Amino acid sequence: MIIERFRADGKVALVTGGTRGIGLAIARALAEAGARVVVSARTDPGGSESLKADGHQVEYRQADLLEHGAAEALVAGVIRDHGRLDILVNNAGVADHGATEDFDDDRLDRLMGVNFDSVFRACRAAIRPMRAQGGGVMLNIGSISGHISNIPQKQAAYNASKAAVHMLSKSLASDLAEDNIRVNAIAPGYIITAMTEGGFANPEWAKVWTDMTPMRRAGTPEEVAALALFLCTDASSYMTGSVVTIDGGYTLR
Ligand code: NDP
């Protein structure tokens with residue numbers, strides 16, 4: 001049955017930033033599909049506790065992905081404790097807005113460190129183990145900001161970090177196809193999470209964001225998670241190197 005292709009029974013998954021927002025919804029989707037899911041974040045288990053309470057196989061690991069070696073240690077720890085890593089979802093990310101002329105090195109290092117460097121490092125760490133086990137899936141969370149320059153906020157560094165995630169995903173997909181490792185990315189538009197709540201609370205920004213979205217609403221983490229489940233399972237077995245947009249039509253105009 002084709003619906004069986006959306007199952008992830010027996011798979012081991014790692015979702016960075018899986019404690020709230022989009023990452024938490026992806027962790028839930030994978031757990032509901034039967035995967036054992038490790039979520040990571042810097043501060044606390046957040047909503048992952050509720051997944052455990054619902055009986056899902058979910059565990060939390062603390063890791064600050066800004067620290068050198070943290071992404072590699074996270075991947076290695078999952079493989080050490082679970083024997084394999086089938087699904088790697090690089091979701092953790094941060095937003096930072098402001099004019100480029102005022103965007104200092106500390107902000108740039110933090111933004112690129114979480115949004116791009118840690119994605120590169122986690123993918124790098126997963127390649128040999130996935131190759132040795134016969135394959136795997138990587139899913140990186142990019143953004144429509146990797147395709148277009150959002151307004152009214154200025155966010156050149158964020159946009160560039162997400163464009164880098166998209167190109168990394170396509171490059172790895174090409175490099176790793178012969179190893180049965182699929183690599184895709186998701187480019188969400190505006191999604192209601194802690195990351196965007198400040199923006200939606202600003203009437204000027206909220207109006208622009210909504211007016212520019214043909215569906216005239218923001219998306220939910222669960223809507224992104226349904227796409228992520230597709231991309232992480234055999235349902236998408238012939239897809240690699242795709243950057244899939246989910247934005248209520250925002251990038252059509
Ligand atoms: P949230 O801010 O709600 O969640 C971010 C997650 O990343 C949290 O679990 C957070 O946990 C973790 N995180 C942040 N910094 C670090 C760090 N240094 N080390 C480890 N973990 C970290 O964001 P969203 O759910 O909105 O975003 C998820 C992804 O989707 C991001 O990559 C974002 O750029 C992307 N995206 C979001 C959109 C939106 O509209 N919301 C649109 C397009 C893309 P903690 O703080 O405890 O570390």
Side-chain angles (χ1 to χ4, degrees), residues 6-67 70-71 73-75 77-78 81-82 85-96 110-111 113-115 118-119 122 137-143 158 162 165 185-201 209 217-233 244 246-248:
F6 288 84
R7 296 294 309 176
D9 301 287
K11 304 285 188 191
V12 176
L14 169 61
V15 183
T16 68
T19 57
R20 63 172 190 255
I22 294 169
L24 177 61
I26 293 173
R28 175 176 285 283
L30 290 169
E32 288 176 353
R36 276 180 283 162
V37 184
V38 176
V39 299
S40 76
R42 222 175 9 161
T43 52
D44 60 65
S48 68
E49 296 285 19
S50 71
L51 299 188
K52 273 204 309 204
D54 289 349
H56 294 302
Q57 301 177 83
V58 174
E59 65 179 75
Y60 166 72
R61 299 197 178 191
Q62 194 277 337
D64 183 348
L65 293 172
L66 266 182
E67 290 173 7
L74 191 56
V75 168
V78 172
D81 297 340
H82 292 277
L85 177 61
D86 300 290
I87 299 167
L88 169 64
V89 181
N90 287 303
N91 162 83
V94 291
D96 194 357
R110 176 169 171 270
L111 190 98
V114 181
N115 289 10
S118 80
V119 177
V137 176
M138 300 179 189
L139 175 64
N140 300 324
I141 308 303
S143 172
Y158 181 85
K162 293 301 186 177
V165 167
I186 294 179
Y190 290 102
I191 309 297
I192 299 166
T193 68
M195 181 179 281
T196 52
E197 69 183 357
F200 279 114
W209 293 358
R217 67 170 178 87
T220 66
E222 291 71 26
E223 288 174 312
V224 180
L227 173 58
L229 181 63
F230 168 68
L231 291 171
C232 288
T233 59
V244 185
I246 174 167
D247 67 352

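This one's a predicted model, so the numbers in the text were calculated from it and none came from an experiment. The first residue in the sequence is number 1, and the count goes up from there.
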Closest non-hydrogen atom pair between [X] and [Y], with its separation:
X      : Y      : value
Leu229 : Ala29  : CD1-O, 3.9 Å
Phe6   : Ala33  : O-CB, 3.7 Å
Val39  : Ser48  : CG2-CB, 3.5 Å
Val165 : Asn115 : CG2-O, 3.2 Å
Tyr158 : Ala95  : CD1-CA, 3.9 Å
Val78  : Val12  : CG1-CG1, 3.7 Å

Run the side chain to side chain contact (heavy atoms under 4.5 Å, CB included) test against Gln57 and tell me which residues pass, sequence neighbours left out.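 If we apply the side chain to side chain contact (heavy atoms under 4.5 Å, CB included) test to Gln57, skipping adjacent residues, the hits are Arg36.
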Could you work out, with side chain to side chain contact (heavy atoms under 4.5 Å, CB included) as the rule, every residue matching Ala71, not counting sequence neighbours?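 For Ala71 the side chain to side chain contact (heavy atoms under 4.5 Å, CB included) partners, ignoring immediate neighbours, are Leu65, Arg121, Ala122.
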First locate atom CE of Met138, then atom CD1 of Ile87, and finally report the distance between them rounded to the nearest 0.5 Å.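 Between Met138 CE and Ile87 CD1, I get 12.5 Å after rounding to 0.5 Å.
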Counting C-beta onward and ignoring hydrogens, is there a side-chain heavy-atom pair between [X] and [Y] closer than 4.5 Å?
X      : Y      : answer
Thr196 : Ile191 : no
Leu231 : Val137 : no
Pro221 : Thr193 : yes

Salt bridge (charged side-chain N to carboxylate O under 4.0 Å, His left out) with Arg42: which residues, sequence neighbours excluded?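 For Arg42, no residue satisfies salt bridge (charged side-chain N to carboxylate O under 4.0 Å, His left out) once neighbours in sequence are set aside.
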Per the side chain to side chain contact (heavy atoms under 4.5 Å, CB included) rule, which among Asn90, Leu88, Val114 passes with Val119?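 Answer after filtering Asn90, Leu88, Val114: Asn90.
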Please check if the side chain of [X] supplies one atom and the backbone of [Y] the other of a donor-acceptor pair under 3.5 Å.
X      : Y     : answer
Lys11  : Leu85 : no
Arg20  : Pro45 : no
Thr233 : Ala8  : no

Contacts of type ring pair (Phe, Tyr, Trp, His ring centres under 6.0 Å), residue Tyr190, not counting sequence neighbours: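 Here the qualifying residues are Trp209, Tyr250.
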Pairs flagged by salt bridge (Lys or Arg N to Asp or Glu O under 4.0 Å) wherever residues 21-35 is involved - sequence neighbours left out: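 Checked against salt bridge (Lys or Arg N to Asp or Glu O under 4.0 Å) - neighbours excluded - the pairs reaching residues 21-35 are Arg28-Glu32, Arg28-Asp54.
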What pairs with Asp44 under side chain to side chain donor-acceptor pair (under 3.5 Å), at least two apart in sequence or on another chain?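 If we apply the side chain to side chain donor-acceptor pair (under 3.5 Å) test to Asp44, skipping adjacent residues, there are no hits.
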